[in-house]
Protein chains: 2
Amino acid sequence: MRSSADTSLAERKRQLVADDLRDAALMLLATKGFDVVTVDDIVAAAGMSRRTFFRYFASKEDVVVRFLADTSADIITELATRPSAEPPSVALRHALWVPLAACNDHPEHSERARVVVRLILDTPALHARWLERQIEWRAELAAEVANRSGLDPHSDPYPRMAAGMALLALDTVLQRWQPGDDEQHLAELMDQAFAIVAPALDAPATLPAA
Amino acid sequence: MRSSADTSLAERKRQLVADDLRDAALMLLATKGFDVVTVDDIVAAAGMSRRTFFRYFASKEDVVVRFLADTSADIITELATRPSAEPPSVALRHALWVPLAACNDHPEHSERARVVVRLILDTPALHARWLERQIEWRAELAAEVANRSGLDPHSDPYPRMAAGMALLALDTVLQRWQPGDDEQHLAELMDQAFAIVAPALDAPATLPAA
DNA sequence: GCACTACTTGACACTGAGTGCCATCGACAG
DNA sequence: CTGTCGATGGCACTCAGTGTCAAGTAGTGC
């Protein structure tokens, strides 16, 4: 039988292996380009076998995308804990800030995150996987938005589109993320992006659905 | 040297081959599922060689996605010919209607288009490629929106986000496309979706950029 | 009819992603 | 010391996608 605290013995060893694999992969992919680096190159750099790589990551794209997209649950919980009186644009802005805040907590991670974002946006295969992951985010966000607004997520298109607009704002920020941007500059970009979609997110006509 | 009218002799033969391949592929993929059908199955059904398939389509996803996404240029030209006095939400609604109108021109094509849309939305790999194609649309739409509004597409996030919101509306319509929906019902769904994003698309604050 | 050219096709071989299977090794409980 | 469990590595396999080459099939000029 397993100990109740599963995050102790073997689990941390697995995490170490996953981190090594991820670091080796990001280093090679970011410097040499996604297409020219093979999985064999990655596992050679990490000193492991090809088979082990696919036990930790579902695909070559997965290593890169999961580095950014593992925080999905945090976004939802953040949105769920925002006061219900807050207008959708404000609540969503705070929820979508969570992954960026996680990057900025440690400055040395921030730069690597920016490089990975650039790699994703510039590599069609990665961009596609990134959007695929965003689809899941959008569905979860839409469910939470429906909760907050009391709308039916199946009959009313507002929740799904509100989630889509929030993710579009995040995408715009990532697209405009330049080298050397500090946390404050990122916050400004985020505010600008949400200022554009806010009139639609908070429009009174959409909330009391016809 | 080639004749000036390149759409005559060999070009139509190529089109016939491409159509046969596409029809065989859509038939198999839609009925049996994307993952279980191999390229060998498709070319066997079409009576051609595997190598020929990849001369006409870049990938297995490409057959499906191009069936819907070949009308990119039409969208842009439609947007370019809309009167410049038209508010962005109206002009974009008409532009994004073009691919749906193309489906509805021939009712027997409409049903197949709906099935392909369903296949794309339900297959993660296809959905990702579809969104990847949408990114190109978004960039071209953003350039045209920037043209119309006189904004700089690099410094101002509005054009890109306006294009993104329009595509989000289209996506919402496709998601809600049910069997038996006629052209009028599709138009209603389109109006509903654009009504939600219109306050952001037409907000006066965003047009005279700070 | 005959050669020349351009284009398409099919066959083969090859790389690389991703999966299934099995043997092995190390940790740990008895 | 021994049985068990999980992690690993090696191997073989399928399938997507590409490069290359030989053969077939027009059209064109002689």
Side-chain angles (χ1 to χ4, degrees), chain A residues 1-22 24-26 28-29 32-66 123-129 132, chain B residues 1-22 24-26 28-29 32-66 123-129 132:
Chain A
M1 203 212 292
R2 286 209 141 270
S3 159
S4 64
D6 204 1
T7 60
S8 286
L9 295 91
E11 195 59 27
R12 269 182 306 193
K13 282 175 68 177
R14 276 188 67 84
Q15 191 60 47
L16 274 180
V17 175
D19 287 352
D20 279 4
L21 245 13
R22 187 202 51 184
L26 290 185
L28 284 174
L29 295 174
K32 298 191 173 183
F34 184 79
D35 295 323
V36 299
V37 175
T38 70
V39 176
D40 291 278
D41 296 336
I42 296 173
V43 298
M48 304 180 191
S49 87
R50 172 187 173 68
R51 197 64 189 81
T52 299
F53 177 89
F54 285 106
R55 286 203 181 90
Y56 285 87
F57 301 99
S59 66
K60 203 171 74 170
E61 291 99 348
D62 192 41
V63 199
V64 186
V65 171
R66 264 187 23 204
T123 307
L126 286 174
H127 205 160
R129 293 294 165 188
E132 199 178 336
Chain B
M1 198 193 326
R2 284 204 143 275
S3 159
S4 63
D6 204 1
T7 61
S8 286
L9 297 91
E11 195 60 25
R12 269 180 306 192
K13 283 175 67 177
R14 279 188 64 86
Q15 191 60 47
L16 274 180
V17 175
D19 286 352
D20 280 4
L21 246 12
R22 187 204 50 184
L26 290 187
L28 284 176
L29 294 175
K32 299 192 172 183
F34 183 80
D35 295 324
V36 298
V37 175
T38 71
V39 176
D40 290 277
D41 297 335
I42 296 172
V43 298
M48 305 182 190
S49 87
R50 169 187 174 66
R51 196 65 187 84
T52 299
F53 177 88
F54 286 107
R55 287 201 181 91
Y56 285 86
F57 300 99
S59 65
K60 205 170 72 168
E61 291 99 347
D62 192 42
V63 201
V64 186
V65 171
R66 261 184 28 200
T123 307
L126 287 174
H127 204 160
R129 293 292 166 190
E132 198 179 339

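A note on names: the letters A, B, ... follow the listed sequences, proteins ahead of strands, and every chain is numbered from 1.
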Chemist: Measuring from atom NE2 of B:H127 to atom CD of B:E61, what distance do you get when rounded to the nearest 0.5 angstrom?
Modeler: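 Nearest 0.5 Å value for the NE2-CD distance: 13.5 Å.
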Chemist: Looking across every strand, which nucleic acid part, if any, lies under 4.0 Å from B:Y56 by heavy atom: base, sugar-phosphate, or nothing?
Modeler: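 Contact class for B:Y56: sugar-phosphate only.
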Chemist: Taking the side chain of B:D40 as heavy atoms from C-beta outward, which of C:dA17, D:dG17, D:dA16 is closest to it?
Modeler: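 Side chain of B:D40 sits closest to D:dA16.
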Chemist: Between atom NZ of A:K60 and atom CZ of A:R129, what is the distance when rounded to the nearest 0.5 Å?
Modeler: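 Separation between the atoms: 12.0 Å.
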Chemist: Write down the distance between NZ (B:K60) and C1' (D:dT18), rounded to a whole number of angstrom.
Modeler: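 Whole-Å distance recorded here is 17 Å.
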Chemist: From D:dT8, D:dG9, C:dA11, pick the nucleotide closest to the side chain of B:S49?
Modeler: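 Taking heavy atoms from C-beta onward, the closest nucleotide is C:dA11.
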Chemist: Side chain of B:V39 only, heavy atoms from C-beta on: which candidate in C:dT19, D:dA7, D:dA16 is closest?
Modeler: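 From the listed options, D:dA16 comes nearest.
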Chemist: Give a yes/no answer on whether the side chain of B:R14 brings an N or O atom under 4.0 Å of OP1 or OP2 in C:dT8.
Modeler: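 Looking at the OP1 and OP2 atoms of C:dT8, one of them is under 4.0 Å from a side-chain N or O of B:R14.
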Chemist: Check whether any side-chain heavy atom of B:M48 lies under 4.5 Å from a side-chain heavy atom of B:D20, and answer yes or no.
Modeler: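 B:M48 reaches B:D20 side chain to side chain.
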Chemist: Let's see if you can work this out: which of D:dA16, D:dG9, D:dA7 has an atom nearest to the side-chain heavy atoms of A:M48?
Modeler: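 Within the option list, the nearest is D:dG9.
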Chemist: What is the distance from CZ of B:F54 to C1' of D:dC15, rounded to the nearest Å?
Modeler: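 Checked: the CZ to C1' distance equals 9 Å.
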Chemist: Does any N or O donor sit under 3.5 Å from an N or O acceptor when you compare the side chain of A:R50 with the base of C:dG16?
Modeler: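 A donor-acceptor contact between them is absent.
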Chemist: Consider the side chain of B:R51, meaning its heavy atoms from C-beta on, and name the nucleotide among D:dT20, C:dT9, C:dA17 that approaches it most closely.
Modeler: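 Out of D:dT20, C:dT9, C:dA17, the nucleotide with an atom closest to B:R51's side chain is D:dT20.
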Chemist: Would you mind reading off the distance between B:L21 atom CG and C:dT9 atom C1', rounded to a whole angstrom?
Modeler: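 Value for this atom pair: 12 Å.
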Chemist: Separation of B:K13 atom NZ from C:dC7 atom P, in whole Å?
Modeler: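 Rounding to the nearest Å, NZ of B:K13 and P of C:dC7 are 13 Å apart.
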Chemist: Let's see if you can work this out: which of C:dG16, C:dG10, D:dG9 has an atom nearest to the side-chain heavy atoms of A:T38?
Modeler: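 So the nucleotide nearest the side chain must be C:dG16.
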Chemist: Is the distance from OP1 or OP2 of D:dG9 to the nearest side-chain N or O of A:T52 less than 4.0 Å?
Modeler: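 For D:dG9, OP1 or OP2 has a side-chain N or O of A:T52 closer than 4.0 Å.
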Chemist: So, applying side-chain contact (heavy atoms from CB on, under 4.5 Å) with A:F57, which one of A:D62, A:V65, A:T52, A:I42 is it?
Modeler: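 That would be A:D62.
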Chemist: So, using side chain to side chain contact (heavy atoms under 4.5 Å, CB included) as the criterion, who are the partners of A:D40 when residues are at least two apart?
Modeler: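 Here the qualifying residues are A:T38, A:R50.
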Chemist: Roughly, in whole Å, what's the span from CG in A:D62 to P in C:dA17?
Modeler: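 For the pair A:D62 CG and C:dA17 P, the rounded distance is 14 Å.
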Chemist: Compare the minimum distances between each of D:dT8, C:dA11, C:dA17 and the side chain of B:R55, then state the nucleotide with the smallest one.
Modeler: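 Looking only at heavy atoms from C-beta outward on B:R55, the closest nucleotide is C:dA11.
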Chemist: Could you check how far CZ of A:F57 sits from P of D:dT8, rounded to whole Å?
Modeler: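 The answer, rounded to whole Å, is 12 Å.
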Chemist: Could you state the atom-to-atom distance from CD1 of B:I42 to P of D:dA16 in whole Å?
Modeler: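 The answer, rounded to whole Å, is 8 Å.
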Chemist: Which whole-number value in Å describes the distance from A:D35 CG to D:dT18 P?
Modeler: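 Whole-Å distance recorded here is 11 Å.
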